[in-house]
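Right, one structure below, let's go through it.
Each chain gets a letter, A, B and so on, in the order its sequence line appears, and its residues count up from 1.
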Amino acid sequence: MTVLDLPELLAGPVDRAARGLLGCRLSAGGVTVRLTEVEAYAGFGGDEASHAHRGRTPRNAVMFGPAGFAYVYFTYGMHWCINVVCGVEGEASAVLLRAGEVVEGLPVARERRPSVHNARDLARGPARLCAALGIDRSVYGTNLLDGSGPAVLEPPLRPVPAKTVHSGPRVGVTGALDLQWRFWLDGEPTVSAYRRHAPRR
DNA sequence: GGGCCGATCAAG
DNA sequence: TTGATCGGCCCA
């Protein structure tokens, strides 16, 4: 395909969707980021790291719907993170958007994150990405593909070379370390620092 | 109703 | 390395 078919990509296997989301642009609140790092979470196969692992709840309900919608959650009492729902309806797979490069609305992003002086850090990390875009609970359950909601996902301006896509274990995940479901664009300064999960003692 | 812990971040 | 800070989920 010459032009990336986003709806088709997202409705497919979640790890393939995650790869394809690299280089895509997410716009919200007057800011656009180019995605440089994502993680896949499966709603099947007993992926214990998935928020859908224990079944459907009010919090994760949107994950069980069709692909292309936003699953936004609040964590550590202060941070928002955004996922794109993937797979077929009822599958409950999703891709966490971990980092991006601000390509439009730089002044607005800086205004939202006044403490950040290095542009690369504005959306470097899942909570920082949401902060830069002004994403919060109001984005939960909205359509990211048809422009009807507060956030819009679009294909890359130029194709992403396959060899620049690298993968490794997911961040902060205890189980399933064999899964290489964290994907990033190699060499991008906006990719978040990888921190292996540290067991409690 | 109580308690624990988290797909994090920033400061020390 | 640690504190901030609170919603979701499990268990009683």
For this session: Name the nucleic acid region contacted by A:A127, choosing base, sugar-phosphate or nothing; use a 4.0 angstrom heavy-atom cut-off, strictly under.
Result: sugar-phosphate

For this session: Quick one: the dot-bracket string of DNA chain C, using Watson-Crick and G-U wobble pairs with both distances under 3.5 Å, [ ] for crossing pairs and | for bases paired to another strand.
Result: ||||.||||||.

For this session: Take the protein atom CE of A:M78 and the nucleotide atom P of B:dA10, then report the distance between them rounded to whole Å.
Result: 11 Å

Problem set entry | Passing candidate, side chain to side chain contact (heavy atoms under 4.5 Å, CB included) with A:M63, options A:Y73, A:Y71, A:F69 | A:Y71

Problem set entry | Audit row: A:L26, A:I135, side chain to side chain contact (heavy atoms under 4.5 Å, CB included) steps and yes/no | CA-CA 11 Å; A:L26 179 67; A:I135 290 174; 4.2 Å; yes

Exercise. Below 4.0 angstrom, N of the basic side chain to O of the carboxylate: do A:R25 and A:E104 qualify?
Worked result: no

Problem set entry | Contacts of A:F183 that satisfy ring-ring contact (aromatic ring centres under 6.0 Å, His included) - sequence neighbours left out | none

Problem set entry | Phosphate contact (C:dC9 OP1 or OP2) by A:T57 side-chain N/O below 4.0 Å | yes

Exercise. Could you give all pairs that pass the ring pair (Phe, Tyr, Trp, His ring centres under 6.0 Å) test and reach residues 76-132 of chain A, with sequence neighbours left out?
Worked result: A:F74-A:W80

Exercise. What nucleotide, of B:dA7, C:dC9, C:dA4, holds the atom closest to the side chain of A:M63?
Worked result: B:dA7

Problem set entry | Ring centroids of A:Y41 and B:dA7 base under 5.5 Å with planes under 30° | yes

For this session: Would you kindly compare A:R137 and A:Y76 by the position of their nearest DNA chain C nucleotide and give the one closer to the 5′ end?
Result: A:Y76

For this session: Would you please confirm or rule out a distance under 4.0 Å between OP1 or OP2 of B:dA10 and any side-chain N or O of A:R113?
Result: yes

Problem set entry | Expected output: side-chain A:N60 to main-chain A:G55 donor-acceptor under 3.5 Å | yes

For this session: In whole angstrom, give the distance that lies between atom CD1 of A:I135 and atom P of B:dT8.
Result: 16 Å

Seminar exercise, completed: Between CG of A:D121 and C1' of B:dA11 the distance, given in whole Å, is 14 Å

Problem set entry | Between B:dT8 (C1') and A:D136 (CG): distance, integer Å | 17 Å

Exercise. Are A:V72 and A:V62 close enough that some pair of their side-chain heavy atoms sits under 4.5 Å apart?
Worked result: no

For this session: Could you state the atom-to-atom distance from CG of A:N60 to C1' of B:dA7 in whole Å?
Result: 14 Å

Problem set entry | Phosphate contact (B:dT8 OP1 or OP2) by A:R128 side-chain N/O below 4.0 Å | no

Problem set entry | Nearest-angstrom distance from the residue atom NE2 of A:H79 to C1' of C:dG8 | 17 Å

Exercise. How close or far is atom P of C:dC10 from atom CZ of A:R54, stated in whole angstroms?
Worked result: 5 Å

For this session: Figure out the CH2/P separation between A:W80 and B:dC9, and round it to whole Å.
Result: 15 Å

